[in-house]
Amino acid sequence: MPTQKAEAEWKGNLAQGGGRLKVGSGAFDGPYSFKSRFEEGQSATNPEELIGAAHAGCFTMALAAQLSRAGLTPTRIHTVAKVKLEKVGDAFAITRIDLETEAAIPGVDDATFQKYALDAKQNCPVSKALAGTTIHLDAKLV
């Protein structure tokens with residue numbers, strides 16, 4: 001299995017400085033800043049947003065894998081990950097991630113779908129890496 005790489009560079013002080021984040025594949029190279037992390041409506045990314053993208057992607061692939069092993073082919077799986085950053089004591093922490101997924105899967109009932117979705121949440125590698133964080137799942141068949 002390959003080892004994945006990402007980079008960060010920062011210039012200046014925390015409040016007025018800024019940086020760039022990029023992934024080794026070249027698929028993403030973009031700015032990040034104090035404002036993009038702690039204020040709404042900024043056009044740069046932040047670590048929590050990238051964790052959310054990674055978690056949504058990992059969970060969605062894990063759910064597709066669960067379904068494929070069961071002989072089911074989803075028409076569509078769409079997942080949103082909402083990552084909550086809060087001040088805890090004197091520091092900041094990611095305190096919760098809400099995974100919201102909607103899936104169109106011919107031939108599956110809701111109870112079976114919920115079983116596969118829960119298993120995917122518990123066993124995707126990103127969920128395991130974030131095991132110290134509360135992860136909530138809302139999974140719906142559409």
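The chain is numbered in sequence order, starting from 1.
Using cut-offs of 30° and 60° for the angle between ring planes, the Phe92 and Phe38 rings count as tilted.
Note that the NZ atom of Lys121 and the CD1 atom of Ile97 stand 10.5 Å from one another [nearest 0.5 Å]. How far CZ of Arg37 is from CG of Leu85: 5.5 Å, rounded to the nearest 0.5 Å. Atoms CD1 and CD1, on Ile77 and Ile105 in that order, are 5.5 Å from each other to the nearest 0.5 Å. In this structure, Tyr32 OH and Leu21 CG are separated by 5.0 Å, a value rounded to the nearest 0.5 Å. Separation of atoms CG (Asn123) and CG (Leu63) is listed at 12.0 Å; rounding is to 0.5 Å. Rounding to the nearest 0.5 Å places CG of Leu99 at 11.0 Å from NZ of Lys82.
Between the Thr60 side chain and the Gly57 main chain, no donor and acceptor come within less than 3.5 Å of each other. No donor-acceptor pair under 3.5 Å is formed between the side chain of Thr134 and the backbone N or O of Arg96.
A donor-acceptor pair shorter than 3.5 Å can be found between the side chains of Gln16 and Asn13. Side-chain contact, Thr101 with His78: no donor N or O sits under 3.5 Å from an acceptor N or O.
Across every non-hydrogen atom of Ala117 and Phe59, the tightest pair is O-CE1, 3.4 Å. For the pair Gln122 and Lys128, the tightest heavy-atom approach, listed with the atom from each and the gap, is O-CG, 3.8 Å. When all heavy atoms of Ala27 and Val23 are compared, the pair lying nearest together is N-CG2, 3.8 Å. Across all non-hydrogen atoms, the minimal contact from Thr133 to Thr95 is CG2-C, 3.8 Å. Across all non-hydrogen atoms, the minimal contact from Ala54 to Val126 is O-CG2, 3.9 Å. The minimum heavy-atom distance linking Ala44 with Pro31 is given by the pair CB-O, 3.3 Å.
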Task: side-chain contact (heavy atoms from CB on, under 4.5 Å) between Asp98 and Leu137, worked out - done: CA-CA 6 Å; Asp98 289 304; Leu137 173 63; over 6 Å; no
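Both Ile135 and Val83 belong to a single network of hydrophobic side chains, linked directly or stepwise wherever heavy atoms of I, L, V, M, F, W or Y lie under 4.5 Å apart. Tyr116 and Leu118 sit in two unconnected hydrophobic clusters of ILVMFWY residues. Membership requires side-chain heavy atoms under 4.5 Å apart, directly or through other members. Follow the hydrophobic side-chain contacts under 4.5 Å out from Trp10 and you reach Leu50 in the same cluster.
Side-chain atoms of Thr79 and Glu100, non-hydrogen and from C-beta on, never get closer than 4.5 Å to each other. Inter-residue side-chain proximity for Ser36 and Thr45 is flagged as unmet; no heavy-atom pair is nearer than 4.5 Å. Side chains of Cys124 and Met61 form no contact here, defined as non-hydrogen atoms less than 4.5 Å apart.
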